[in-house]
**Q** 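The structure under discussion is supplied below as structure tokens; questions concerning it will follow.
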Amino acid sequence: MKQGLYELLVNELVSQYLKKNENEIIIDIEDIDKEEAAIIIADYLHEVTLQKLLELSPEVDEQIEFANNLIEHLDLDTDISTSDLMITPQGRQLFSIHSKKNMIGTEKPIRPLSSVACNSIITGARHEPSLESELNREIASADRIDFLVSFIKWSGLRLLLDELREFTQRGGQLRIITTSYMGATDARAVEELSKLKNTTVMISYDTKRTRLHAKSYIFYRDTGYDVAYIGSSNMSNAALTKGFEWNVKIAEKDSPFVFKQMEAQFDSYWHSADFQMYNSEDFEELNFALREERGEYSTEKMPALFTIRPYAFQQQILEALEAEREVHGNYRNLVVAATGTGKTVISAFDYKNYVKKHPL
């Protein structure tokens, strides 16, 4: 074995090597983490069985026979019997199920060219499908969609807009998080997205603290074959079509824990006070924020158009004050905070919220 880093499950062969060389090498070895044991052992079994399957005849029936012999020895504590998990001798793979009412003739449904079960990478090479074509195919076959993109350009949105419109019109839920960072987003694109049915757009205007630069396109399916494209492509024409962009396609079936981590992070952004829901009446504010980021306003000519929003920690205090009044009936409350953290601003927001609920 070579010197260096490992995350290797110790089998008998490795154990013998370590004992034989323990006087010559420094060994860093630990017990398997109980929380991760099932995944670590399953990965090892995958590696061992894959090696055996590759050694077998290329005939599919021999590989199926080997797999079924393994399944037969499993004692699963589930409602499904071991016999029900046996692979059928024909060696076939199901790719879709759709109602005949929704299909025209025997035409197959649209699906991405890349797998929805295995991880892959799209580099924009000539022999590969473009990210634009893959995203449109994902949209056509998804049940729910989340986009997290720092920049949304009209040139990029128009490549996806028809499919997104059809998706939302058939009841699909679309959530989008973006920013005014660097003024790169087109206000027209955000406005157009907000007009789609079943669509919610969240925007971060605070480019000093929330410098979101992530790019991810997440597609959920009721079948469980969820996928996400994460990489360098913002929603622009160049990034989706011809640019030298690398995007990893993560399949939930292949990397369930990575997918759950990504999903949780998106939800944390979605519920964060750093992001505000966009409505059509916010167009001028968004347009101003984008132009300000691009440096188009000087201090002498800056228009009197701005919105003060509480920081996340200020919002927590405001919610605590509201809870004291509404839940506990305490109307005399003291806020203790360090100098410069905006106690005066908090009191102004608190008064604004109170008056809004209790008009004078």
Side-chain angles (χ1 to χ4, degrees), residues 102 109-110 112 116 131-181 183-206 210 212-223 225-230 233-237 239-240 247 252 259 262-290 307 309:
N102 300 327
I110 296 173
V116 297
L131 182 59
E132 172 215 347
S133 65
E134 284 294 85
L135 292 183
N136 273 319
R137 288 172 176 272
E138 299 283 1
I139 294 168
S141 57
D143 295 297
R144 185 164 57 89
I145 298 174
D146 288 342
F147 288 167
L148 173 65
V149 281
S150 51
F151 310 150
I152 300 178
K153 307 292 290 184
W154 174 251
S155 65
L157 175 60
R158 65 183 180 82
L159 300 176
L160 310 176
L161 190 55
D162 288 343
E163 288 292 347
L164 287 174
R165 185 176 288 114
E166 184 176 337
F167 165 77
T168 55
Q169 286 177 347
R170 62 180 164 86
Q173 300 291 322
L174 175 61
R175 298 192 300 176
I176 301 167
I177 296 177
T178 189
T179 78
S180 59
Y181 184 46
T185 290
D186 290 337
R188 176 190 178 189
V190 175
E191 176 66 13
E192 199 65 32
L193 281 168
S194 71
K195 293 178 181 178
L196 297 177
K197 292 183 177 180
N198 305 313
T199 299
T200 306
V201 182
M202 302 287 278
I203 298 179
S204 168
Y205 294 93
D206 181 7
T210 312
L212 176 68
H213 208 251
K215 299 100 177 174
S216 63
Y217 305 84
I218 312 169
F219 302 91
Y220 297 93
R221 295 183 172 88
D222 293 342
T223 59
Y225 284 84
D226 308 331
V227 298
Y229 294 74
I230 301 176
S233 294
N234 275 299
M235 198 181 294
S236 68
N237 185 297
L240 298 181
N247 293 276
E252 197 276 341
F259 204 93
M262 174 202 61
E263 185 179 4
Q265 192 62 50
F266 183 96
D267 285 338
S268 73
Y269 291 160
W270 189 259
H271 298 291
S272 169
D274 293 327
F275 297 91
Q276 309 296 325
M277 185 181 299
Y278 176 84
N279 296 300
S280 291
E281 54 265 29
D282 300 325
F283 181 82
E284 290 302 326
E285 179 187 352
L286 172 61
N287 194 46
F288 167 72
L290 292 170
T307 299
R309 303 177 187 274

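Residue numbers run from 1 in the order of the sequence given.
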**Q** I need the minimum non-hydrogen distance between Tyr217 and Asn234, along with the two atoms involved.
**A**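 Shortest heavy-atom separation between Tyr217 and Asn234 comes out as OH-C, 3.2 Å.
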
**Q** Could you go step by step and tell me if Phe151 and Lys215 meet the side chain to side chain contact (heavy atoms under 4.5 Å, CB included) rule?
**A** CA-CA 8 Å; Phe151 310 150; Lys215 299 100 177 174; 5.8 Å; no

**Q** For a quick test of reading the model, state the closest non-hydrogen atom pair linking Arg158 to Asn237 and the distance between them.
**A**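 Smallest heavy-atom distance, with atoms named: NH2-ND2, 3.4 Å.
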
**Q** Measure the CD-CG distance between Gln265 and Leu148 for me, rounded to the nearest 0.5 Å.
**A** 9.0 Å

**Q** CZ/Arg188 to CD1/Ile152 distance, rounded to the nearest 0.5 angstrom?
**A** 14.0 Å

**Q** Quick check: closest heavy atoms across Ile139 and Glu163, and the distance to 0.1 Å?
**A**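 Answer, listing the atom of Ile139 first, then Glu163: CG2-O, 3.5 Å.
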
**Q** Quick one: CD on Gln173 to CZ on Arg144, what's the gap to the nearest 0.5 Å?
**A**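 Output value for this atom pair is 9.0 Å.
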
**Q** Could you label the plane-to-plane angle of the Tyr269 and Phe275 rings as parallel, tilted or perpendicular, counting under 30° as parallel and over 60° as perpendicular?
**A** tilted

**Q** In Å and rounded to the nearest 0.5 Å, what is the CD to CZ distance from Glu132 to Arg137?
**A**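 Between Glu132 CD and Arg137 CZ, I get 11.0 Å after rounding to 0.5 Å.
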
**Q** Would you say OH of Tyr225 has more than 12 non-hydrogen atoms from neighbouring residues, nucleotides or ligands within 6.0 angstrom?
**A** no

**Q** Can you find a heavy atom in the side chain of Phe283 that is under 4.5 Å from one in the side chain of Val190?
**A**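 The answer is no, as the side chains (C-beta and beyond) never meet within the 4.5 Å cut-off.
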
**Q** In Å, rounded to the nearest 0.5 Å, how long is the span from CD1 of Ile176 to CD1 of Ile145?
**A** 9.0 Å

**Q** Quick check against the 3.5 Å criterion: does Thr178 have a side-chain atom that pairs as donor or acceptor with the backbone of Val149?
**A**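 It does hold such a pair.
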
**Q** Could you measure the distance from the CG atom of Leu164 to the CD atom of Gln169? Nearest 0.5 Å is fine.
**A** 11.0 Å

**Q** Please name the pair of heavy atoms, one in Leu240 and one in Gly156, separated by the smallest distance, quoted to 0.1 Å.
**A** CD1-O, 3.8 Å

**Q** When you compare the side chains of Tyr229 and Glu138, does any donor N or O come within less than 3.5 Å of an acceptor on the partner?
**A**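 A donor-acceptor contact under 3.5 Å links the two side chains.
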
**Q** Output yes when Asp186 and Lys153 qualify as a salt bridge under the 4.0 Å nitrogen-oxygen rule, no when they do not.
**A**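 Yes.
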
**Q** Answer whether the closest heavy-atom distance between the side chains of Met235 and Leu159 falls below 4.5 Å.
**A**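 A side-chain contact is absent here, since even the closest heavy-atom pair is not under 4.5 Å.
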
**Q** What's the shortest heavy-atom distance between Ser141 and Ile110, and which atoms?
**A** CB-O, 3.6 Å

**Q** State, to 0.1 Å, how close Lys197 and Thr168 come at their nearest heavy-atom pair, and which atoms those are.
**A**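 Answer, listing the atom of Lys197 first, then Thr168: O-CB, 3.0 Å.
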
**Q** Any donor and acceptor pair, going by atom type alone, linking the side chain of Gln276 with main-chain N or O of Ala273 inside 3.5 Å?
**A** yes

**Q** Quick check against the 3.5 Å criterion: does Ser233 have a side-chain atom that pairs as donor or acceptor with the backbone of Ala239?
**A**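 The answer is yes, because a donor-acceptor pair under 3.5 Å joins these two groups.
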
**Q** Are any of the side-chain heavy atoms of Tyr205 and Leu286 separated by less than 4.5 Å?
**A**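 Answer yes - side chains close enough.
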
**Q** With a 4.5 Å limit on heavy-atom distance, are the side chains of Arg175 and Asp267 in contact?
**A** yes

**Q** Within a strict 4.5 Å, meaning less than it, do heavy atoms of the Leu212 and Ser204 side chains meet?
**A**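 The answer is no, as the side chains (C-beta and beyond) never meet within the 4.5 Å cut-off.
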
**Q** Testing Asn136, Thr199, Leu174, Asp162 one by one against Phe167 for a side-chain contact (heavy atoms from CB on, under 4.5 Å), which residue passes?
**A**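 Going through Asn136, Thr199, Leu174, Asp162 one by one, the side-chain contact (heavy atoms from CB on, under 4.5 Å) with Phe167 is satisfied by Leu174 alone.
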
**Q** Contact between Phe147 and Phe219 at the side-chain level, heavy atoms closer than 4.5 Å - yes or no?
**A**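 Yes, close enough: below the 4.5 Å cut-off.
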
**Q** Measuring only between side-chain heavy atoms, which start at C-beta, is Thr200 closer than 4.5 Å to Trp270?
**A**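 Thr200 vs Trp270: side chains touch.
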
**Q** Do the side chains of Tyr220 and Glu252 get nearer than 4.5 Å, heavy atoms only?
**A** no

**Q** State whether the side chain of Asp282 and the backbone N or O of Asn279 hold a donor-acceptor pair below 3.5 Å, judged by distance alone.
**A** yes

